[in-house]
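Every chain is numbered from 1, with letters handed out A, B, ... down the list of sequences. Bear in mind that the values here come from a model prediction, so they are computed numbers and not experimental data.
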Amino acid sequence: DGGITQSPKYLFRKEGQNVTLSCEQNLNHDAMYWYRQDPGQGLRLIYYSQIVNDFQKGDIAEGYSVSREKKESFPLTVTSAQKNPTAFYLCASRRWDSHLSMNTEAFFGQGTRLTVV
Amino acid sequence: LAKTTQPISMDSYEGQEVNITCSHNNIATNDYITWYQQFPSQGPRFIIQGYKTKVTNEVASLFIPADRKSSTLSLPRVSLSDTAVYYCLVGPMNTGFQKLVFGTGTRLLVSP
């Protein structure tokens, strides 16, 4: 099955620790995105990547880091510098449709719920 | 990227048609309008996308007036399972990958 997989589904972190959230896609999509969602709020963009070995900051990048060493993978590290990391994290991807000469819609993973204890 | 404005919440009853309007006054010439649906504790999923006039699929219709400064997502005969948050996104789709910016969305509650 093609899709986008986030793991783990639930994650607990002690204050002061770094933690890495996994996002893997086998859709051969070029672009990948990380979002944060707080209860009752919309999605806020953390980082996005359009191509391997390249990524751009979104609106709330402070306290987060990413890498894009492989097309299929876009892990997000929540560092100890992130003051309020408890949230629902969503990863998405999309591709360039060369026939239509436009981007496709975004496909999302099922999310990782991170809790700081 | 064009700023979008949607109602924070809407209420409806099963079997009714629901129309959610999104305002995007500064939409650019090459911007498309895309709607996503999100259920609690899940990632959003694509519903419909359009550029002008009307687009219809098996789930919804999207109405876009000639000036494109607003758009309306129409859900025919909603059921309880349509209770979700609906996001309107406006941005270019044919100029390379851009940021995907989600607003706060419209929380739709469908009651029996």
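Ranking Gly58(A), Gly42(A), Cys91(A) against chain B, the residue ahead of the rest is Gly42(A), based on heavy-atom pairs under 4.5 Å. The greatest number of non-hydrogen atom pairs below 4.5 Å with chain A, out of Gly103(B), Gly105(B), Pro44(B), is found for Pro44(B).
Listed by chain and residue number, nothing satisfies the side-chain hydrogen bond (donor to acceptor under 3.5 Å, both in side chains) test with Thr53(B) (two or more places apart in sequence, or in another chain). Among residues two or more places apart in sequence or in another chain, the side-chain contact (heavy atoms from CB on, under 4.5 Å) test is passed with Pro40(B) by none.
A donor-acceptor contact closer than 3.5 angstrom is absent between the side chains of Ser61(B) and Ser74(B).
Screening residues 15-112 of chain B for disulfide bond (SG atoms under 2.5 Å apart) gives Cys22(B)-Cys88(B) as the qualifying pairs, with residues at least two apart or on separate chains.
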All inter-chain donor-acceptor pairs under 3.5 Å (chain B, chain A):
{"residue": "Tyr36(B)", "atom": "OH", "partner": "Ala106(A)", "partner atom": "N", "Å": "2.9"}
{"residue": "Gln38(B)", "atom": "OE1", "partner": "Gln37(A)", "partner atom": "NE2", "Å": "3.0"}
{"residue": "Gln38(B)", "atom": "NE2", "partner": "Gln37(A)", "partner atom": "OE1", "Å": "2.9"}
{"residue": "Ser41(B)", "atom": "OG", "partner": "Arg113(A)", "partner atom": "NH2", "Å": "3.1"}
{"residue": "Tyr87(B)", "atom": "OH", "partner": "Gln37(A)", "partner atom": "NE2", "Å": "3.2"}
{"residue": "Met93(B)", "atom": "O", "partner": "Asn103(A)", "partner atom": "N", "Å": "2.6"}
{"residue": "Met93(B)", "atom": "O", "partner": "Asn103(A)", "partner atom": "ND2", "Å": "3.3"}
{"residue": "Gly96(B)", "atom": "O", "partner": "Asn103(A)", "partner atom": "ND2", "Å": "3.1"}
{"residue": "Gln98(B)", "atom": "O", "partner": "Tyr33(A)", "partner atom": "OH", "Å": "3.0"}
{"residue": "Gln98(B)", "atom": "O", "partner": "Arg94(A)", "partner atom": "NH2", "Å": "3.2"}
{"residue": "Lys99(B)", "atom": "NZ", "partner": "Asp59(A)", "partner atom": "OD1", "Å": "3.4"}
{"residue": "Leu100(B)", "atom": "O", "partner": "Tyr35(A)", "partner atom": "OH", "Å": "2.5"}

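Annotation: Phe102(B) is in aromatic contact with Phe108(A) [ring centroid separation under 6.0 Å].
Only the side chain of Leu90(A) comes within less than 4.5 Å of a heavy atom in chain B; its backbone stays farther off.
You'll find the side chain of Val85(B) stays beyond 4.5 Å of the side chain of Leu108(B), heavy atoms only. Side-chain contact between Lys69(B) and Ser23(B) is absent, with no heavy atoms from C-beta onward closer than 4.5 Å.
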